[in-house]
Student: 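Next up is a structure, given as structure tokens.
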Amino acid sequence: MTSLTSTVVRLKLSLLRGGLRQSGGRRAAFVASTVIAVLFALLQLLGLLALRGHAHADAVAVPGTAVLALGWAVLPLFFPTGDETLDPTRLVMLPLRPRPLVRALLAASLVGIGPLFTLLVLVGCAVAVAHGAAAYAVAVLAVALGLLVCVALARAVAAANVRLLTSRKGRDLAVLSGLVIAIGAQLVNFAARQLGSAGLGQLQPVADALGWVPPASAISAVGSASEGAYGTAAAQLALTAAGLAALIAVWARTLTRLMTAPDGSTLQAADAQAPGRASSGLGRLLPQDRTGTVMERSLRYIWRDPKTKAAWVTSLAIGLIVPVFNAVQGTGSVYFACFAAGMLGIQMYNQFGQDTSAFWTVAMTISSPRDAYAELRGRALALLLITLPYAALVTVVTTAVLGAWSRLPEVLGLSFALLGAMLATGAWTSAAFPYSIPQEGHKNVAPGQAGLAWISIFGGMVSAALLCSPAIALTIWLHVSAGGEDWRWLLLPVGAAYGAGLTFLGLRLAAPRTAARLPEILAAVSKG
């Protein structure tokens with residue numbers, strides 16, 4: 001009888017071949033991504049091999065393994081690959097036990113670009129600290145255990161969050177994951193700068209601590225064997241094996257619950273809101289017309305929809321972390337505060353795609369450019385309720401950290417001008433280049449619409465930068481001209497007025513296009 005493991009592995013290979021046969025573009029993307037990943041892994045391998053014999057080689061190899069494992073735990077939630085075809089919920093109706101299914105999915109997960117990349121990096125980490133025949137023998141086992149721990153960690157996290165973006169119960173974890181990505185990127189940037197000035201020795205205490213955390217403990221075991229500490233090496237290998245067993249146990253338990261328990265999102269809440277209940281809270285403060293209705297709907301999406309909420313919280317976190325973190329390090333500029341307005345302005349892009357297939361209910365209420373303008377105006381005002389005070393807060397905090405209070409008015413003016421430009425271009429690109437956001441899974445763009453997403457977001461950002469050029473030119477002129485310092489305070493009202501004018505003009509130009517392209521927009525956003 002054919003084993004379940006071989007069947008699932010062949011299934012993944014078949015799905016991979018089938019996906020590549022769909023289009024030449026997909027084949028080209030797969031080949032290009034494979035070549036880039038392998039080349040990058042080989043460069044990492046060569047760099048690690050160059051550290052061989054260095055006094056602090058383990059200070060790079062051990063933390064590098066930990067960072068690799070962290071990437072396996074977090075990145076699949078945001079950058080999914082072909083492993084999404086092995087979603088265990090698709091196997092619910094089959095008579096499969098958790099333990100055999102775990103073994104089969106673990107084996108199938110070893111097929112792909114990610115495992116190959118990880119294998120090459122782990123080999124480099126192990127060889128960098130290996131000295132002697134015993135150490136190389138331990139390295140073989142360490143690399144195998146490290147790879148299995150990384151893959152099992154990714155699968156366990158994926159299984160626990162398979163309904164992350166389809167259930168409101170998972171929205172808090174989505175928010176937390178976005179914060180981890182935002183903060184982690186800045187920590188890596190800060191660590192790289194510190195290493196560049198202080199040397200690898202700064203990482204030695206970190207490496208010593210991570211040497212007892214799987215899977216970094218497996219690479220640390222190689223270093224211990226190189227020093228003749230075979231008992232320590234055995235303990236670190238045993239710790240890695242125990243970590244792998246714990247991950248598999250958690251994974252199996254999660255699979256059992258996932259495949260046997262009903263989805264809470266399909267059960268009617270006991271405390272469901274009674275029909276006809278009036279708006280409460282902020283809804284009572286909004287205008288009692290279509291604009292207020294659109295604003296309340298948009299704000300509810302931000303609070304309730306997992307994908308929308310995760311995108312907003314990530315933008316809020318990165319918009320604050322980048323300028324403030326750089327200011328704390330003493331390497332930033334007060335103008336970095338404009339980054340907050342830029343990150344939040346992106347939320348205006350693909351407004352109709354955020355509604356997914358429910359956009360048809362909105363489309364039925366738009367019969368003229370006037371209706372389209374009211375719809376776009378309500379969405380823009382909902383964004384401004386959050387973005388205006390937040391951009392001002394980030395600017396004040398950044399200015400306070402740097403002690404550059406004299407530049408507060410001009411930076412606020414530039415932030416407001418940038419925000420207005422992004423709202424204007426976002427409204428226009430939402431009508432010109434709409435694309436669908438899948439309701440299920442982790443992808444933010446439906447297959448075949450990636451080009452539209454790139455044009456919409458990056459084309460709009462470039463256009464927004466060009467629209468902001470007058471405000472930037474005025475700022476530069478006041479800085480270089482004699483006596484311009486006394487007039488820089490004018491940049492705040494000028495920037496605010498310029499941004500408001502851009503927003504008004506952008507909405508006015510986008511409204512007729514939105515009303516004329518409603519069928520195309522509806523078809524584009526409903527593909528997911």
Side-chain angles (χ1 to χ4, degrees), residues 1-16 65-66 68-119 122 140-167 169-170 173 177 213-218 237-264 440-442:
M1 174 183 268
T2 304
S3 67
L4 177 62
T5 299
S6 61
T7 300
V8 174
V9 171
R10 290 200 307 271
L11 173 62
K12 180 167 184 178
L13 292 174
S14 299
L15 290 172
L16 180 60
T65 305
L68 196 63
L70 180 62
W72 272 92
V74 176
L75 292 182
L77 296 176
F78 296 90
F79 305 100
T81 60
D83 284 341
E84 69 176 1
T85 58
L86 296 177
D87 184 353
T89 58
R90 303 186 182 189
L91 307 175
V92 169
M93 301 304 295
L94 300 178
L96 302 174
R97 294 184 178 274
R99 293 289 179 178
L101 182 59
V102 165
R103 289 194 297 269
L105 292 178
L106 183 62
S109 299
L110 294 174
V111 179
I113 303 174
L116 177 60
F117 175 88
T118 305
L119 178 63
L122 287 176
V140 174
L141 184 57
V143 169
L145 284 174
L147 179 60
L148 289 175
V149 168
C150 288
V151 174
L153 178 61
R155 293 297 88 203
V157 172
N161 298 285
V162 72
R163 295 185 178 127
L164 175 65
L165 301 180
T166 58
S167 171
K169 291 183 178 181
L173 184 56
S177 300
V213 178
S217 56
L237 284 178
L239 180 62
T240 306
L244 175 60
L247 285 174
I248 292 177
V250 171
W251 185 10
R253 184 176 179 179
T254 304
L255 279 178
T256 301
R257 183 174 63 253
L258 184 65
M259 301 179 72
T260 58
D263 183 0
E440 298 181 357
H442 308 305

Student: Identify the heavy atoms of R103 and T5 that sit nearest to each other, and give their distance.
Tutor: C-OG1, 4.1 Å
Student: Quick check: does any side chain N or O of S217 sit under 3.5 Å from a backbone N or O of L239, one acting as donor and the other as acceptor?
Tutor: no
Student: For a side chain to side chain contact (heavy atoms under 4.5 Å, CB included) check, start with the C-alpha distance between L148 and L110, then their side-chain angles and the critical distance, and finish with the verdict.
Tutor: CA-CA 8 Å; L148 289 175; L110 294 174; 4.2 Å; yes
Student: Determine, stepwise, if the pair T7 / L11 fulfils side chain to side chain contact (heavy atoms under 4.5 Å, CB included).
Tutor: CA-CA 6 Å; T7 300; L11 173 62; 5.5 Å; no
Student: Considering all heavy atoms of both residues, which atom of R155 and which atom of S109 are nearest to each other, and what is their separation?
Tutor: CD-OG, 3.1 Å
Student: Considering non-hydrogen atoms only, spot the tightest contact between T118 and C150 and give its length.
Tutor: CG2-SG, 4.3 Å
Student: Any idea which heavy atoms bring A152 and L244 closest together, and the distance?
Tutor: CB-CD1, 3.9 Å
Student: Enter the distance from L147:CG to T65:OG1 here, rounded to the nearest 0.5 Å.
Tutor: 11.5 Å
Student: What is the minimum heavy-atom distance between L106 and W251, and which atoms define it?
Tutor: N-CH2, 3.7 Å
Student: Work out which heavy atom in A104 is nearest to a heavy atom in V8; give both atom names and the distance.
Tutor: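 Smallest heavy-atom distance, with atoms named: CB-CG2, 3.6 Å.
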